[in-house]
Amino acid sequence: QVQLVESGGGSVQAGGSLRLSCANSGYTYHPACMAWLRQAPGKGRERVAQIYMGGSKYTHYPEFVKGRFTISRDSTKNTIYLQMNSLKPEDTAMYYCALKSGGCSNDYTAADFDYWGQGTQVTVSS
């Protein structure tokens, strides 16, 4: 059974930083694509970072987080991370870790991912 468990959310002031973690247990096949997505109240889930769990060092970010968010992985721990800097109030959302078997595509949306974590809340105050 695949389990993705997020941690590291919390409340910070604008300009602050948070680091999210997602531990993957039960899915050990490669390649795979893992991502962080977020959902604010009343909005759909949007992808904020994506990383390839294979031989290449592919990562992808939408423009609205480029330069502020960094996704990374520790393959030995089956864990991915999201370092979020220069946080803004509009970054407030529930953040989810997700996994899709196979490769990554810059065009993936939430519907493309097969497995999801339970989410961790990030709140940024002004």
Side-chain angles (χ1 to χ4, degrees):
Q1 182 177 355
V2 178
Q3 276 195 314
L4 303 176
V5 180
E6 301 100 334
S7 61
S11 298
V12 294
Q13 290 192 323
S17 299
L18 281 174
R19 187 190 193 214
L20 308 182
S21 301
C22 172
N24 162 26
S25 64
Y27 192 93
T28 57
Y29 305 106
H30 290 282
C33 187
M34 293 192 72
W36 288 97
L37 299 93
R38 69 187 185 188
Q39 187 167 21
K43 296 188 177 181
R45 288 188 185 184
E46 59 181 1
R47 186 163 51 89
V48 298
Q50 183 167 279
I51 190 165
Y52 180 62
M53 306 299 285
S56 78
K57 296 183 178 179
Y58 163 93
T59 58
H60 185 260
Y61 306 89
E63 286 297 323
F64 58 86
V65 302
K66 273 186 180 178
R68 300 190 299 125
F69 290 11
T70 303
I71 190 170
S72 60
R73 69 187 192 193
D74 184 337
S75 299
T76 63
K77 297 180 180 179
N78 282 333
T79 299
I80 65 169
Y81 305 94
L82 184 68
Q83 178 67 43
M84 305 185 291
N85 299 327
S86 301
L87 283 162
K88 305 175 181 180
E90 50 264 44
D91 294 318
T92 295
M94 185 71 79
Y95 282 71
Y96 297 90
C97 172
L99 183 150
K100 181 191 183 315
S101 62
C104 287
S105 168
N106 292 353
D107 298 325
Y108 281 164
T109 67
D112 292 301
F113 290 89
D114 304 311
Y115 303 100
W116 291 83
Q118 81 288 351
T120 185
Q121 178 68 37
V122 171
T123 303
V124 185
S125 58
S126 57

Residues which pass ring-ring contact (aromatic ring centres under 6.0 Å, His included) with [X], listed by chain and number, not counting sequence neighbours:
| X | value |
| --- | --- |
| Tyr115 | Tyr27 |
| Tyr52 | none |
| Tyr108 | Phe113 |

Do you know which of Val48, Val65, Thr120 makes side chain to side chain contact (heavy atoms under 4.5 Å, CB included) with Leu82?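 For Leu82, the side chain to side chain contact (heavy atoms under 4.5 Å, CB included) test succeeds with only one of Val48, Val65, Thr120, which is Val48.
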Please tabulate, for side-chain N and O atoms in residues 9-18, each donor-acceptor pair with protein atoms closer than 3.5 Å (sequence neighbours left out).
residue: Ser17; atom: OG; partner: Asn85; partner atom: OD1; Å: 2.9

Can you measure from OG (Ser25) to NZ (Lys77) and round to the nearest 0.5 angstrom?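 Rounded to the nearest 0.5 Å, the OG-NZ separation comes out at 15.5 Å.
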Is there a path of hydrophobic side-chain contacts, each under 4.5 Å between heavy atoms, that joins Met84 and Ile80?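 In one cluster: yes.
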Hydrophobic clusters here meaning ILVMFWY residues chained together by side-chain heavy-atom distances under 4.5 Å, can you tell me if Val5 and Met94 are in one?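 Hydrophobic grouping puts Val5 apart from Met94.
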Could you list the residues that satisfy side-chain contact (heavy atoms from CB on, under 4.5 Å) with Asn106, not counting sequence neighbours?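 Asn106 satisfies side-chain contact (heavy atoms from CB on, under 4.5 Å) with Tyr58, His60 once adjacent residues are dropped.
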Is there any ring-ring contact (aromatic ring centres under 6.0 Å, His included) pair reaching into residues 62-104, and which pairs are they, with sequence neighbours excluded?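 Listed by first then second residue: nothing to list.
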Check whether any side-chain heavy atom of Ile71 sits under 4.5 Å from a side-chain heavy atom of Met34, and report yes or no.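 They are not in side-chain contact.
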Does Trp36 reach the side chain of Cys97, with side-chain heavy atoms less than 4.5 Å apart?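 Answer yes - side chains close enough.
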May I ask you to decide if [Y]'s main-chain N or O and [X]'s side chain share a donor-acceptor pair within less than 3.5 Å?
| X | Y | result |
| --- | --- | --- |
| Gln50 | Ser105 | yes |
| Thr92 | Val124 | yes |
| Asp91 | Val122 | no |
| Glu6 | Gln118 | yes |

